[in-house]
Undergrad: 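Can you read through this structure? Questions will come right after.
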Amino acid sequence: MAGEIGHMGMVPDGEACGCGLFECAEQYASGSALERFAWSAARRQPCQSEHLLEACEYDRSKLIGPMVRDAAQQGDLTANEAFDRLGEWLGRLMANLASVLDPDTFVIGGGVAEVGGILLDPARAAFSRYLETSMYRQHASVLEAKAGDMAGVIGAADLARID
Ligand SMILES: [Zn+2]
């Protein structure tokens with residue numbers, strides 16, 4: 001499990017994770033976190049969430065990440081707030097990783113990263129802000145993975161390939 005950063009402790013007494021802990025990064029920096037943030041924001045400000053609430057038929061169980069992406073691109077304020085919140089957590093997670101690895105580049109994968117700047121811009125800003133007073137590099141490149149949701153399959157196929 002080395003390198004599986006999703007279960008790093010990031011928020012004491014936080015959201016319950018499928019692994020049994022209540023502090024895991026993946027509860028704050030993932031597609032499922034985006035859905036939770038968007039639903040929470042939409043419930044607080046329904047007038048700013050028309051596209052999102054219509055897409056999921058006002059039903060939390062039907063809300064999925066691509067709906068949040070589409071609503072953000074159509075101008076829903078709360079969908080954009082959800083991406084800002086996700087970017088904040090992603091930036092914080094990257095800053096934590098920088099204290100161990102200090103990389104010059106982060107590559108963000110998974111379907112949620114396919115939105116590009118809507119997520120990566122706030123993540124870059126948060127990353128720099130969290131490291132502002134530290135000795136770590138504050139301006140690592142934050143790039144979108146090119147393989148999207150297929151990254152795991154492509155990586156497995158590459159491992160199995162006989163050269
Ligand atoms: Zn966990």
Side-chain angles (χ1 to χ4, degrees), residues 1-11 14-42 49 51-52 55-56 59-74 76 78-131 137 139-161:
M1 291 295 286
E4 171 50 84
I5 60 171
H7 301 285
M8 283 176 42
M10 195 158 71
V11 182
E15 294 288 328
C17 182
C19 74
L21 298 176
F22 292 83
E23 60 187 10
C24 296
E26 79 170 29
Q27 296 305 313
Y28 297 88
S30 66
S32 61
L34 175 69
E35 294 164 8
R36 192 177 75 246
F37 297 157
W39 182 253
S40 172
S49 311
H51 294 101
L52 179 63
C56 73
D59 183 343
R60 168 66 177 96
S61 69
K62 294 180 181 175
L63 193 157
I64 57 174
M67 292 175 183
V68 185
R69 175 201 62 212
D70 293 346
Q73 291 170 339
Q74 292 170 324
D76 268 20
T78 54
N80 281 289
E81 285 178 8
F83 274 107
D84 287 347
R85 191 171 170 196
L86 180 64
E88 178 75 18
W89 282 111
L90 182 58
R92 184 177 201 160
L93 177 59
M94 291 188 302
N96 286 341
L97 292 170
S99 71
V100 177
L101 304 169
D102 199 19
D104 60 9
T105 303
F106 287 90
V107 179
I108 309 302
V112 73
E114 294 176 2
V115 297
I118 294 174
L119 171 63
L120 299 185
D121 289 345
R124 290 179 183 112
F127 174 77
S128 295
R129 195 176 59 258
Y130 279 111
L131 295 179
R137 131 182 40 222
H139 301 291
S141 296
V142 180
L143 306 175
E144 175 187 335
K146 296 296 180 198
D149 278 342
M150 297 299 289
V153 173
I154 292 169
D158 191 52
L159 275 176
R161 187 178 60 197

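These numbers come from the heavy atoms of this one structure, side chains and all, not from hydrogens, waters or symmetry mates.
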Undergrad: Give the minimum heavy-atom separation between Glu26 and Ser30, together with the two atoms involved.
TA: O-OG, 2.5 Å
Undergrad: Would you give the length of the straight line joining atom CG of Leu52 to atom CD of Glu35, rounded to the nearest 0.5 angstrom?
TA: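 Those atoms lie 10.0 Å apart.
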Undergrad: For the atom pair CG (Leu119) and CZ (Arg69), what is the distance rounded to the nearest 0.5 Å?
TA: 13.0 Å
Undergrad: According to the salt bridge (charged side-chain N to carboxylate O under 4.0 Å, His left out) rule, which pairs have a member within residues 101-115, sequence neighbours left out?
TA: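 Counting only pairs at least two positions apart or across chains, the salt bridge (charged side-chain N to carboxylate O under 4.0 Å, His left out) contacts touching residues 101-115 are Asp102-Arg137.
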Undergrad: Does the side-chain contact (heavy atoms from CB on, under 4.5 Å) test come out yes or no for Glu23 and His7, once each step is laid out?
TA: CA-CA 8 Å; Glu23 60 187 10; His7 301 285; over 6 Å; no
Undergrad: Is there a donor-acceptor contact under 3.5 Å from the side chain of Asp76 to the main chain of Thr78?
TA: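 It does not hold such a pair.
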Undergrad: Can you name the nearest heavy-atom pair linking Asp59 to Ser61, along with the distance?
TA: OD1-OG, 2.7 Å
Undergrad: Do you know which two heavy atoms are closest between Met67 and Cys56, and how far apart they sit?
TA: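 Where Met67 meets Cys56 most closely, the heavy atoms are SD-CB, 3.7 Å.
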Undergrad: Measuring only between side-chain heavy atoms, which start at C-beta, is His51 closer than 4.5 Å to Gln73?
TA: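 Of all side-chain heavy-atom pairs linking Gln73 with His51, none is under 4.5 Å.
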Undergrad: Do Leu101 and Pro103 have side-chain heavy atoms sitting under 4.5 Å apart?
TA: yes
Undergrad: Which value, rounded to the nearest 0.5 Å, describes the distance between Ser141 atom OG and Leu143 atom CG?
TA: 5.5 Å
Undergrad: Going through the distances and angles, do Met8 and Cys24 end up as a side-chain contact (heavy atoms from CB on, under 4.5 Å)?
TA: CA-CA 5 Å; Met8 283 176 42; Cys24 296; over 6 Å; no
Undergrad: Between Phe37 and Tyr28, what is the ring plane arrangement, given parallel below 30°, perpendicular above 60°, and tilted in between?
TA: tilted
Undergrad: Take Glu144 and Leu120 through the test side-chain contact (heavy atoms from CB on, under 4.5 Å) and record every step on the way to the result.
TA: CA-CA 8 Å; Glu144 175 187 335; Leu120 299 185; 3.9 Å; yes
Undergrad: Check Ala72 against Ala79 and note the closest heavy-atom contact, atom names and distance.
TA: N-CB, 3.5 Å
Undergrad: Nearest 0.5 Å please: distance from the CZ atom of Arg124 over to the CG atom of Asp121.
TA: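 Answer rounded to 0.5 Å: 5.0 Å.
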Undergrad: Using a 3.5 Å cut-off and no angle test, enumerate the donor-acceptor pairs between side-chain atoms of residues 83-98 and protein atoms at least two apart in sequence or in another chain.
TA:
| unit_1 | atom_1 | unit_2 | atom_2 | d |
| --- | --- | --- | --- | --- |
| Glu88 | OE1 | Arg129 | NH2 | 2.5 |
| Glu88 | OE2 | Arg129 | NH2 | 2.5 |
| Glu88 | OE2 | Tyr130 | OH | 2.9 |

Undergrad: Quick one, Met10 and Gln27 - any side-chain contact, counting heavy atoms below 4.5 Å?
TA: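 Sidechains of Gln27 and Met10: no contact.
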